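Here the structure is laid out as structure tokens; the discussion comes afterwards.
A quick note: this is a predicted structure, and the numbers were derived from the prediction, not measured. Each ligand, and each atom within it, is numbered from 1 in the order the structure gives.
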Amino acid sequence: MSPTAHSLPTPLLVLDAEQLDRNIDAMAAVRPGPALRPHVKAFKSTELARHVARRGGHDSFCCATLREMEGMVAAGLDHDLLLANETLDTDRLARIVEQSDGRITVAVDSTETITAAAGTGASVLIDVDVGMPRCGCAPAEAGRLADLARAAGLEVRGVMGYEGHVVGEPDRGRRVAAVHDSMQLLRRALEDVGGGIASAGGTGTFDLHDWADEVQAGSYLLMDTHYARLGLPFLQALTVETTVISSSPDRGWAVLDAGLKAFGMDHGNPSADRWEIFYCSDEHTTVLPDQNGSLPGVGDRVALTPAHIDPTVACHESIHVVSDGEVVDRWPVDLRGW
Ligand SMILES: Cc1ncc(COP(=O)(O)O)c(C=O)c1O
């Protein structure tokens, strides 16, 4: 008989198989096949990527690190892989291209990143700044960089522009307007660049792209409380199961065995259905009494929902897939590290 999640040591990443599949189906209904390029940075697991490919019918993926690219190639999930990020590591990129039977593309936004990609056999997308102060060239620079890339012998497939400053905007009207503004910039850059492909977007803007060819979303599969504020049609599929290791009803708190090292905290504390989170420290989360004034007892299990899914998953070695209360699979988080 399969174990239950409750019988395994904590902290434990627990993934609800049915909710995951509902998220895959909800996304595929709006962005089928190549209209979505799932971003593996959100879950860092080749087994989960394989499941998404089979069920969702998507066979091109995005990565954020060379480690993710290497793992996806080794797993044979490399039909069309995009490093949606900049790299200067020519040798490693060339090895990835050499080992892949598929198509490898990398984002470039400077002379240096073009020089690094030249001769590796990778194709490129010109990464354009569409409003988020991170990677991406100024829109007016995109055409010049595309010429430079072609002169260096690179195939330029088009443009990429990630509107990361917009994807978490809770007001849908404001999100719509901001995506429109960002895509105006990307559209003009594509005219200068040529190549045909426009790659953009994320979970919060998955249904707002009527122009971009493909959306790069990953969080939709597992979700977190930050994205839950947007009222998207995706369910909280992943929790971190914890155990109560100390409880002090007289002093008014109880302590769980997972803290800062088990959660990405940049979007705030994780949440519990019943208990209010007081604070997190390295290995602990302290919770306050519920509305009836009661606290969990020592040995009780408490499921916490992360505020930011990507860095939370990266804290753990494996994901336990649960169906009807039983652990039916264990998917290694094998794309961790750099
Ligand atoms: C380049 C890029 N594309 C897309 C995304 C979208 O991911 P999410 O599904 O979390 O919105 C991210 C997230 O950080 C990203 O860095």
* **Beyond-backbone contact of V287 with V302, side-chain heavy atoms, under 4.5 angstrom** => no
* Looking only at protein heavy atoms, identify the closest one to atom 11 (O) of ligand 1 and say how far it is in Å. => Y227 OH, 2.6 Å
* **R157 and S123 side chains, donor-acceptor separation under 3.5 Å** => no
* Evaluate whether atom CZ of R22 has more than 12 neighbouring non-hydrogen atoms of other residues, nucleotides or ligands under 6.0 angstrom away. => no
* **G201 touching ligand 1 at heavy-atom level, < 4.0 angstrom** => yes
* For A84 and ligand 1, answer yes if some heavy atom of the residue is under 4.0 Å from a ligand atom, otherwise no. => yes
* Asked: Is V167 touching ligand 1 with its side chain, its backbone, both, or neither, if touching means heavy atoms under 4.0 Å apart?
  -> neither
* Heavy-atom contacts with G202 under 4.0 Å: which atoms of ligand 1 show up? List them by number with element. => 6 (C), 11 (O)
* To do: Would you mind finding which of Q216, M27, R37 brings a heavy atom closest to atom 1 (C) of ligand 1?
  => Q216
* **Min N/O separation G218 to ligand 1 under 3.5 Å** => yes
* Asked: Just checking, any donor-acceptor pair under 3.5 angstrom between side chains of T243 and T10?
  -> yes
* Is a salt bridge present between D207 and R172, judged by a nitrogen-to-oxygen distance below 4.0 Å? -> yes
* To do: Start with the C-alpha distance between R95 and E98, add both sets of side-chain angles, then the distance that settles salt bridge (Lys or Arg N to Asp or Glu O under 4.0 Å), and finish with yes or no.
  => CA-CA 5 Å; R95 273 199 303 278; E98 194 183 302; over 6 Å; no
* To do: Inspect the surroundings of NE2 in H165 and state if more than 12 heavy atoms from other residues, nucleotides or ligands are less than 6.0 Å away.
  => yes
* Structure fact -> for atom 16 (O) of ligand 1, nearest protein heavy atom and its distance come out as R134 NH2, 2.9 Å
* Asked: Would you say K41 and ligand 1 have an N/O pair spaced under 3.5 Å apart?
  -> yes
* To do: Please confirm whether D310 comes within less than 3.5 Å of ligand 1 when only nitrogen or oxygen atoms on both sides are compared.
  => no
* Among all protein non-hydrogen atoms, which one is nearest to atom 10 (O) of ligand 1, and what is the separation to 0.1 Å? -> S219 OG, 2.5 Å
* Indicate whether any N or O donor in one side chain lies under 3.5 Å from an N or O acceptor in the other, for E214 and S199. => yes
* Asked: Among all protein non-hydrogen atoms, which one is nearest to atom 15 (C) of ligand 1, and what is the separation to 0.1 Å?
  -> Y162 CE2, 3.4 Å
